[in-house]
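First the structure, in the form of structure tokens, and then the observations on it.
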Amino acid sequence: MKRIYLIVVIVVSLIIGLFLFMKFKGSSLEKTLEEAKAYTKYEMICDMEMVHNDELKSYEVTVNYLKDKKQQYYKVELYDKSINQSQIIIKNKDGVYVLTPTLNQVFKFQSDWPENSPKPYIYSSLLDLLEANKPEKIDDGYQVEGKITLPNDDRIVKQEIIFDKNLHPQRVTCLDKDETELIIVKVKQFDPKKSIKTSTFDQEKVLKDAQDDYQSVASTDILYPVVDLGSVLDSETVSTVEGDKNHVLRFTGDKNFTIVESLENNGNGVVNVIDDEIIDLIDGFAYYSDSRMTMMNSGMMCSIYSNDLSKAEMVSIITSMQSSTTK
């Protein structure tokens with residue numbers, strides 16, 4: 001009798017154990033991660049704040065992603081709340097396009113963006129960090145942190161991410177070595193069932209639609225660099241070349257450099273193919289060639305020229321440009 005009782009207990013225990021195992025396996029993080037990595041589309045909308053030289057920049061970021069066979073499509077709209085302007089980055093089968101709708105400007109690059117470096121608003125990048133580190137189970141989800149390296153911002157050394165139980169991102173924080181929060185992304189919506197077509201990534205259609213959403217805005221505030229590397233503003237002039245108005249700032253010191261800001265605000269919509277070296281930034285692009293670096297900053301096309309500055313020094317200066325009212 002005791003033997004029969006013992007056998008019954010063992011069998012029941014095995015059944016319960018198997019049930020619990022299957023239940024755990026069916027809801028395990030590993031399985032959820034595989035399901036998340038298998039998404040072929042999503043739309044993510046988030047608010048992003050960036051601290052740079054004591055200035056707080058606020059963006060609304062909208063990301064659309066589609067995988068069609070082997071081709072991956074991306075559209076990232078970075079809406080700058082302070083100047084009511086957007087920069088849109090598109091990756092399709094033809095390349096990478098950067099659009100500034102209010103200036104009717106389009107630039108084309110050959111780049112492996114956005115896979116070339118971690119992005120706090122690209123889902124695959126967030127999953128990569130989760131997979132490479134040990135996540136912690138928290139209420140209603142998971143939290144993970146890990147080291148990251150950004151090619152053009154050596155301040156950021158760590159990223160923290162909070163996911164819900166389905167591994168949909170909720171919050172992303174990028175920190176420096178002192179644990180100071182430099183970038184905060186708060187996800188308002190993540191929808192892997194959103195209907196997304198390849199036409200979403202047609203740069204001509206996107207430019208036209210975006211121009212209907214944003215009125216053309218003339219940039220009137222002159223920008224000045226917060227980072228000057230010890231040089232001083234030696235002269236400030238305005239020139240007009242073929243109808244384009246340029247503001248020229250010349251800095252002298254141990255390292256001399258000149259900044260030219262284009263005030264022209266009505267491009268012709270023609271695609272400008274850029275063969276220069278791409279400088280990939282969290283909130284846009286710059287490009288470099290022959291001691292010159294150019295980027296769109298606060299709605300203006302800014303170029304810095306120097307034989308004395310390294311590329312890293314040019315990045316630090318051109319990304320620190322602010323209007324005199326915020327400087």
Side-chain angles (χ1 to χ4, degrees), residues 22-48 59-79 86 88-97 111-146 148 150 159-174 183-203 205-206 209 280 282-283:
M22 294 304 294
K23 181 180 180 181
F24 173 77
K25 183 178 179 182
S27 60
S28 68
L29 175 60
E30 182 179 356
K31 180 179 179 181
T32 307
L33 177 59
E34 289 304 311
E35 291 173 350
K37 290 170 64 177
Y39 288 155
T40 59
K41 60 183 179 179
Y42 68 81
E43 180 178 72
M44 182 164 68
I45 302 174
C46 47
D47 287 324
M48 180 173 73
Y59 298 90
E60 182 176 78
V61 184
T62 302
V63 183
N64 284 277
Y65 169 78
L66 176 66
K67 185 175 182 180
D68 183 21
K69 298 178 181 178
K70 292 185 178 180
Q71 178 65 47
Q72 296 191 84
Y73 297 84
Y74 288 92
K75 185 181 79 170
V76 176
E77 179 175 358
L78 296 151
Y79 171 65
S86 280
I88 302 172
I89 308 169
I90 292 174
K91 182 175 185 177
N92 57 32
K93 58 184 176 60
D94 297 321
V96 176
Y97 296 85
S111 170
D112 56 357
W113 177 93
E115 291 90 0
N116 52 350
S117 65
K119 304 288 190 304
Y121 44 73
I122 296 297
Y123 189 47
S124 60
S125 176
L126 305 182
L127 293 181
D128 286 344
L129 188 133
L130 173 71
E131 198 167 19
N133 295 276
K134 186 176 180 180
E136 175 187 353
K137 185 73 174 70
I138 59 175
D139 291 342
D140 301 322
Y142 301 90
Q143 181 172 335
V144 65
E145 65 177 47
I148 63 169
L150 300 182
Q159 192 172 71
E160 296 178 350
I161 310 170
I162 295 176
F163 296 91
D164 68 12
K165 63 182 180 180
N166 296 313
L167 291 185
H168 295 173
Q170 303 294 296
R171 179 185 172 96
V172 184
T173 309
C174 300
I183 301 176
I184 299 174
V185 175
K186 298 178 181 178
V187 181
K188 299 189 293 184
Q189 175 182 321
F190 182 85
D191 185 359
K193 297 181 180 180
K194 175 81 173 183
S195 177
I196 300 175
K197 301 178 181 179
T198 54
S199 58
T200 302
F201 310 93
D202 182 321
Q203 70 279 0
K205 181 179 185 300
V206 171
D209 291 345
D280 187 8
I282 292 296
D283 56 344

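When reading the values below, keep in mind they use all heavy atoms of this one structure, side chains included, and skip hydrogens, waters and symmetry mates.
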Do Ser195 and Lys197 have a side chain donor and acceptor closer than 3.5 Å?
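No donor-acceptor contact under 3.5 Å links the two side chains.
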Would you say [X] and [Y] make side-chain contact, with heavy atoms under 4.5 Å?
X: Asn92; Y: Asp202; answer: no
X: Phe201; Y: Ile196; answer: yes
X: Thr198; Y: Asp68; answer: yes
X: Val206; Y: Tyr97; answer: no
X: Pro135; Y: Leu29; answer: yes
X: Leu127; Y: Phe163; answer: yes
X: Glu43; Y: Asn64; answer: yes

How long is the gap from [atom1] on [X] to [atom2] on [Y], to the nearest 0.5 Å?
X: Leu126; Y: Glu131; atom1: CG; atom2: CD; answer: 13.0 Å
X: Ser125; Y: Ile161; atom1: OG; atom2: CD1; answer: 7.0 Å
X: Ile90; Y: Trp113; atom1: CD1; atom2: CH2; answer: 9.0 Å
X: Asn166; Y: Thr32; atom1: CG; atom2: OG1; answer: 7.0 Å
X: Asn133; Y: Glu145; atom1: CG; atom2: CD; answer: 8.0 Å
X: Lys91; Y: Glu115; atom1: NZ; atom2: CD; answer: 4.0 Å

Salt bridge (charged side-chain N to carboxylate O under 4.0 Å, His left out) assessment of Asp280 paired with Lys119:
CA-CA 10 Å; Asp280 187 8; Lys119 304 288 190 304; 2.9 Å; yes
Let's go through Thr200 and Tyr73 carefully: what are the C-alpha distance in whole Å and the side-chain angles of both, what is the deciding distance for side-chain contact (heavy atoms from CB on, under 4.5 Å) to 0.1 Å, and is it a yes or a no?
CA-CA 9 Å; Thr200 302; Tyr73 297 84; over 6 Å; no
Step by step, work out the side-chain hydrogen bond (donor to acceptor under 3.5 Å, both in side chains) result for Ser86 and Glu77.
CA-CA 7 Å; Ser86 280; Glu77 179 175 358; 2.8 Å; yes
What verdict does the side-chain contact (heavy atoms from CB on, under 4.5 Å) test give for Leu78 and Met48, after you've listed the backbone C-alpha separation in whole Å, the side-chain angles of each residue and the deciding distance to 0.1 Å?
CA-CA 9 Å; Leu78 296 151; Met48 180 173 73; 4.0 Å; yes
With a 6.0 Å cut-off on ring centres, are Tyr42 and Tyr65 close enough?
yes
Hey, does the side chain of Tyr121 reach the backbone of Ile282 with a donor-acceptor pair shorter than 3.5 angstrom?
yes
Specify the closest pair of heavy atoms between [X] and [Y], including all atoms of both residues, with the distance to one decimal.
X: Glu60; Y: Lys188; result: OE2-NZ, 2.7 Å
X: Ile183; Y: Pro120; result: CG2-CG, 4.4 Å
X: Cys174; Y: Ile148; result: SG-CD1, 4.5 Å

Would you please classify the geometry between the Phe190 ring and the Tyr123 ring as parallel, tilted or perpendicular, with 30° and 60° separating the classes?
tilted
Does the cation-pi check pass for Lys165 over Tyr142, that is, NZ or CZ under 6.0 Å from the six-membered ring centre and within 45° of its axis?
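Cation-pi check for Lys165 and Tyr142: fails.
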